[in-house]
*Asks:* 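Following this message is one structure expressed as structure tokens.
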Amino acid sequence: MTQIKNTLTSTIVAPTNIESPNNQPKMKLSTAIAAMSLAVVFSIQSPPIEAFAFAHPSFLDGRHHHHHRILPRHDISSFPIQRYRHTAAAMIHAATTSGNVDTTAEVRIVPTTPIPDMRPGTSGLRKKVEVWQGEHYLENFVQSLIDTAVEKEGKTLDTIIIAGDGRYHNSQAIPIIAHLAAANGIRHIWIPQFGIMSTPAVSAAIRRRRRSEDEEDGRGGGGRDGEGIAQGGIVLTASHNPGGPGEDFGIKYNEGLGQPAGEDFTEALYQKTLTISSYKTLSNIVDIDLSAPVGTQYTLTPTSTVTIIDPYRNYLDALKSCFDFDQLRKFGQRKGFSMVFDGMHGAGGIFAKRVLVEELGLPESSLMRCNPLPDFGKCHPDPNLTYASELVKKMGLLPDGSADESIPSSSLPTLGAANDGDGDRNLIAGAGFFVTPSDSMALICDNWESIPQFASRGGLKGVARSMPSSAALDVVASARNIPCFVTPTGWKFFGNLMSSKEMFGGEDYTPFLCGEESFGTGSDHVREKDGLWAVLAWMSILAKANEGNVAEGTLVGVKDIVQNHWEKYGRHFYCRYDYEGVDSNAANKVMDFIRESFVNGDASSMEIGESGIKLTNAVEFSYTDPVDGSKTSKQGLILNFELPSGDPARVVFRLSGTGSAGATIRMYLEQYEKDSTKHGMSAPVALRGLAEEALRLVKMEEKTGRDSPTVIT
Ligand code: VG1
Ligand code: CO
């Protein structure tokens with residue numbers, strides 16, 4: 001072995017020390033490893049070719065591939081990795097950690113200047129790809145992020161995950177970030193194979209992964225200093241925003257319990273971006289092959305290692321702890337059940353394939369657009385009635401969410417679902433029936449007995465919704481005596497509630513259910529919204545509802561379940577108008593006008609228009625976190641109305657915090673209807689009068705020049 005090591009040493013030392021003008025080593029590490037493998041083949045001749053292929057998988061099919069591109073190399077998964085894993089890993093280990101091998105990875109301090117527009121929004125920082133590709137942009141942001149995390153932890157981070165949703169620039173940014181992380185002394189850097197993980201999967205991995213899992217063979221049990229878990233995850237996503245050249249890229253940070261960084265963190269990060277004067281990276285660039293087998297390690301510095309991890313394992317464990325997979329598998333095979341899942345070419349697709357097809361045995365034909373693409377196939381990966389139009393059609397629906405009566409519902413799939421770009425959002429539909437996200441949450445709440453995660457722990461102990469979401473959840477929570485919280489928009493506000501015991505020693509609200517009107521639903525199994533979780537929750541509800549129903553082929557469907565729910569609790573008609581790409585000044589003027597005229601002014605003195613809908617009062621939403629007492633203000637303007645019938649209605653205005661250009665005004669409409677004879681109407685139709693009244697009051701067209709919204713959902 002010493003002899004082999006020496007051979008390897010001489011192979012590797014040279015290339016990593018010689019820099020070409022653009023700072024790329026002349027010979028890349030993976031090439032060195034391939035050469036080393038060859039040396040091993042020649043010196044020990046066993047096991048020859050497979051070990052070679054393992055160490056450098058691009059040789060499997062005899063062609064080189066571009067290292068910074070993610071290729072759909074699923075062929076690798078059939079390679080007998082386990083058989084040669086130990087040998088090959090030992091080779092890499094020997095090659096990269098031998099005392100004789102000096103990778104001379106010197107930390108390079110690069111001077112930089114602050115770039116002013118880096119304030120994270122509702123969920124991370126989102127900008128056009130070209131902005132991120134600008135000089136020092138990515139590095140400035142990531143260095144500030146790492147500094148903030150270190151300051152908060154009080155010490156250098158030990159372990160982090162770097163993963164993304166597969167969008168354009170994902171595989172270029174991952175190695176750059178890894179080098180920054182190593183230069184900053186982060187010892188263990190985990191990157192999922194192919195660089196892709198959904199946001200909830202990252203959250204699950206932060207919460208559950210033990211360092212020994214993928215390092216057991218490579219480093220010999222438990223890593224260098226025993227067990228460890230990640231302190232955070234850098235997630236490369238602009239979520240539901242489009243990807244590709246000219247489109248969006250983004251980064252967000254999840255902290256040690258898997259929760260999105262809170263306002264205090266993002267604000268501190270932003271302040272650092274305003275004063276940054278240098279960042280740290282390495283003088284030697286190590287080529288990291290994202291398609292390398294799970295367990296492959298790259299030594300970036302004598303103390304920092306990149307490990308390619310299995311993207312699925314922890315997330316799958318998390319889902320298995322929530323649902324009864326045997327029950328779902330059986331239900332999935334039932335005559336009359338079929339499903340369509342639309343991955344919108346985002347990160348959720350590969351997880352859907354793994355769970356729905358490989359674990360639950362649904363036919364492959366249940367999946368559409370489940371292969372991640374850098375530009376999401378040019379679609380807008382936002383699962384709503386407008387952007388998931390193909391699925392909507394397949395479910396027998398018209399673009400406004402009402403049923404296309406010309407299609408017999410018996411010919412339609414039982415369940416339809418879609419995820420967004422990073423797999424944290426969900427759209428749920430039944431045969432000829434669209435479920436609004438607010439209703440979906442209320443229904444899951446009322447049916448907690450159908451979901452093992454809740455049922456096995458005595459039911460829900462807390463629920464929460466974002467303020468603009470409908471009050472459908474509140475009604476169920478109050479009937480069932482469950483504490484219900486109303487938070488500002490964005491998942492970061494749910495984190496404290498879910499972790500109130502874990503983090504603050506306060507009241508335990510878990511099992512916990514939460515969600516947003518924007519197609520986000522989740523629970524305390526992770527600290528993010530989870531698209532696939534919502535799909536399995538609905539499958540569980542359907543399975544339970546059909547337990548006693550033994551008739552061949554006829555299933556209690558989504559529509560039956562929701563209609564019964566409305567009958568019991570009344571219906572909250574709900575929809576949202578989005579005005580995208582509005583001039584920022586104009587958008588601010590609309591908000592200022594509402595604030596001045598109705599919140600500060602006297603709303604109730606407003607004249608009642610022809611519609612007979614009366615504005616009763618207006619408030620600006622602010623929030624005091626019940627767990628840590630932190631305050632957040634200006635979280636949306638609420639106009640409360642009284643309908644001619646005497647029933648209440650509400651319209652909320654907010655500016656989006658996830659756009660990358662101009663402003664998006666969101667108008668959220670909600671109206672309660674107890675009378676079940678009126679529940680059949682489509683929501684946009686039922687709400688049209690309220691919408692017109694609100695638009696008239698706020699002078700939308702006059703102030704923005706827009707006579708109709710970009711999207712109604
Ligand atoms: C939107 C949604 C919000 C969601 C956020 C992140 O924010 O309204 O409910 O939490 O996106 O979702 P905004 O500020 O644009 O309204 V995702 O799936 O884009 O991370
Ligand atoms: Co998302």
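Whatever order the structure lists them in is the order used to number ligands and atoms, beginning at 1.
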*Asks:* Output yes when the distance from some N or O of ligand 1 to some N or O of Lys252 is under 3.5 Å, and no in every other case.
*Replies:* no

*Asks:* Suppose I only count heavy atoms of Thr489 and a 4.0 Å limit; which atoms of ligand 1 are within that range?
*Replies:* 3 (C), 8 (O), 9 (O)

*Asks:* Taking atom NZ as the centre, does Lys589 end up with more than 12 heavy-atom neighbours from other residues, nucleotides or ligands that are less than 6.0 angstrom away?
*Replies:* no

*Asks:* Checking Ser203 side chain against Gly258 main chain: does a donor-acceptor pair fall under 3.5 Å?
*Replies:* yes

*Asks:* Check each of His240, Lys529, Lys492 against atom 12 (O) of ligand 1 and report the one with the nearest heavy atom.
*Replies:* Lys529

*Asks:* Test your reading of the model: is there a side-chain donor-acceptor pair from Arg167 to the backbone of Asp422, 3.5 Å cut-off?
*Replies:* no

*Asks:* I'd like to check which ligand 1 atoms, numbered from 1 as shown, lie under 4.0 Å from a non-hydrogen atom of Ser518.
*Replies:* 2 (C), 3 (C), 4 (C), 8 (O), 9 (O)

*Asks:* Under 2.8 Å from the Co ion (ligand 2), which protein N, O or S atoms are there? Could you list them by chain and number?
*Replies:* Ser239 OG, Asp420 OD2, Asp422 OD1, Asp424 OD1

*Asks:* Taking 4.0 Å as the limit for heavy-atom contacts, which would you say applies to Asp420 with ligand 1: side chain only, backbone only, both, or neither?
*Replies:* side chain

*Asks:* Please name the residue in the list Thr658, Asn241, Thr237 that meets the side-chain hydrogen bond (donor to acceptor under 3.5 Å, both in side chains) test with Asp248.
*Replies:* Asn241

*Asks:* Taking Gly121's backbone N and O only, do any of them form a donor-acceptor pair with Arg119's side chain (distance below 3.5 Å, no angle check)?
*Replies:* no

*Asks:* I need the atoms of ligand 1 closer than 4.0 Å to a non-hydrogen atom of Ser239, numbered in the order shown.
*Replies:* 17 (V), 18 (O), 19 (O), 20 (O)

*Asks:* Check ligand 1 against Arg666 and write out every atom of the ligand that is under 4.0 Å from a heavy-atom position of the residue.
*Replies:* 8 (O), 13 (P), 15 (O), 16 (O)

*Asks:* So does Glu517 get a backbone contact from the side chain of Ser469, meaning a donor-acceptor N/O pair under 3.5 Å?
*Replies:* yes

